[in-house]
Amino acid sequence: MSSTTRQNPSIIRLGVNVDHVATLRQQRGTHYPDPIFAAALAEQAGAAQITVHLREDRRHIQDRDLAILRQTVTTKLNLEMALTKQMVEAALINRPDTVTIVPEKREERTTEGGLNVLSLSAEMRGSLRVLRDAGIGISLFIDPDRDQIRASVDVGAQIVELHTGDYCETSGEEQRRELARLQVAATDSFQFGLKVAAGHGLDYQNTCAVARIQEIEELNIGHSIVCRALFVGFERAVADMITLMAKSRGEARG
Ligand code: PXP
């Protein structure tokens with residue numbers, strides 16, 4: 001679809017990543033805090049999506065969490081996953097609304113950098129087709145780079161999630177350059193007909209400028225929301241972020 005016929009999304013939606021609630025639970029091997037409960041509160045506060053990353057090492061989200069969330073989430077369920085045989089099976093069993101394919105290294109603290117779509121093997125491209133044919137939306141977590149965007153279109157993705165990590169980790173002039181990169185990538189992605197999401201490292205300060213990028217339809221945010229929730233409660237932390245995003249975008253609901 002050409003950019004002249006496709007309107008920029010007027011509303012920006014929040015996907016809440018509840019992995020860090022599970023991290024706290026796993027730390028002590030208790031049954032609490034439960035990410036299922038956090039997801040319900042996030043939805044009640046206005047989140048448009050719940051995101052979980054089922055990692056190969058199961059360091060936070062467990063198979064049980066994914067199975068229950070599939071039954072309880074009333075908005076959209078987005079599963080972040082590595083493109084492995086085991087994870088594709090988990091997705092086909094649990095049927096999230098979308099999968100977001102991320103690169104995954106066992107030793108990393110959190111996802112570092114975007115997926116290199118150009119280097120996906122034929123087998124991996126086949127796995128994407130299997131997921132798409134099962135009716136699951138395909139999102140690829142990529143760096144804000146034109147070649148990655150083109151490659152995402154080539155492999156049949158419907159959504160790209162632009163990696164905001166470099167923008168979040170820099171400051172001053174360097175950060176302005178990273179923001180400009182995100183703007184260009186969002187425009188490119190939109191013109192290629194993709195739905196544009198963004199995320200990683202976004203907090204209650206640095207989200208404002210990203211939310212102003214008109215082509216971005218969705219932000220996936222976890223760590224900063226879960227941290228604020230410790231002091232103000234989960235619903236309030238989610239609602240604060242939604243208000244901040246809406247105000248930055250200039251939406252009436254802000
Ligand atoms: N989007 C993707 C693809 C991620 O891997 C993560 C981290 O799990 C997030 C968004 C959320 O990042 P953060 O927890 O820093 O808000």
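Numbering of ligands and ligand atoms starts at 1, following listing order.
With hydrogens and angles ignored, the 3.5 Å screen pairs no side-chain donor or acceptor of Glu161 with any backbone N or O of Ala197.
Few gaps surround CZ on Arg64; more than 12 heavy atoms of other groups in view lie less than 6.0 Å from it. The number of heavy-atom neighbours closer than 6.0 Å to CD of Glu173, taken from other residues, nucleotides and ligands shown, is above 12.
Residue-to-ligand polar distances keep Leu202 apart from ligand 1: every N/O pair is separated by 3.5 Å or more. Between Thr100 and ligand 1, no pair of N/O atoms sits closer than 3.5 Å. Among the atoms of Glu161, some N or O lies under 3.5 angstrom from an N or O of ligand 1. Taking only nitrogen or oxygen atoms, main chain and side chain alike, Ile221 does not reach within less than 3.5 Å of ligand 1.
With contacts defined as side-chain heavy-atom distances shorter than 4.5 Å, the pair Thr23/Arg59 does not qualify. Inter-residue side-chain proximity for Asn17 and Val52 is flagged as unmet; no heavy-atom pair is nearer than 4.5 Å.
Distances from atom 16 (O) of ligand 1 to the heavy atoms of Cys168, Gly222, Ala198 put Gly222 nearest. For the residues Arg55, His60, His200, the heavy atom positioned nearest atom 12 (O) of ligand 1 is part of His200.
Under the side-chain hydrogen bond (donor to acceptor under 3.5 Å, both in side chains) test applied with Glu218, the options Arg13, Lys76, Gln49 reduce to a single match, Gln49. Evaluated for a salt bridge (Lys or Arg N to Asp or Glu O under 4.0 Å) with Asp65, the options Arg70, Arg58, Arg25 yield exactly one hit, Arg25.
Interface atoms of ligand 1 facing His223, defined by a heavy-atom separation under 4.0 Å, are 13 (P), 14 (O), 16 (O). Those atoms of ligand 1 that come under 4.0 Å of a heavy atom in Phe141, given as number and element, are 3 (C). Those atoms of ligand 1 that come under 4.0 Å of a heavy atom in Gly201, given as number and element, are 12 (O), 13 (P), 15 (O), 16 (O). Each of the atoms 8 (O) of ligand 1 lies under 4.0 Å from some heavy atom of Asn17. Taking a cut-off of under 4.0 Å to the non-hydrogen atoms of Val102, the atoms of ligand 1 that pass are 3 (C).
Heavy-atom separations between Ser224 and ligand 1 are all 4.0 Å or longer.
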Using distance only, find each side-chain donor-acceptor pair of residues 230-237 under 3.5 Å and give its atom names and separation, not counting sequence neighbours.
unit_1: Glu235; atom_1: OE1; unit_2: Gln44; atom_2: NE2; d: 3.3
unit_1: Arg236; atom_1: NE; unit_2: Asp240; atom_2: OD1; d: 3.3
unit_1: Arg236; atom_1: NE; unit_2: Asp240; atom_2: OD2; d: 3.4

Identify all side-chain donor-acceptor contacts of residues 126-141 below 3.5 Å with residues at least two apart in sequence or on another chain.
unit_1: Ser127; atom_1: OG; unit_2: Glu123; atom_2: O; d: 3.2
unit_1: Arg132; atom_1: NH1; unit_2: Val155; atom_2: O; d: 3.3
unit_1: Arg132; atom_1: NH1; unit_2: Gly156; atom_2: O; d: 3.4

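Residue His163 does not touch ligand 1, judged by heavy-atom distances below 4.0 Å.
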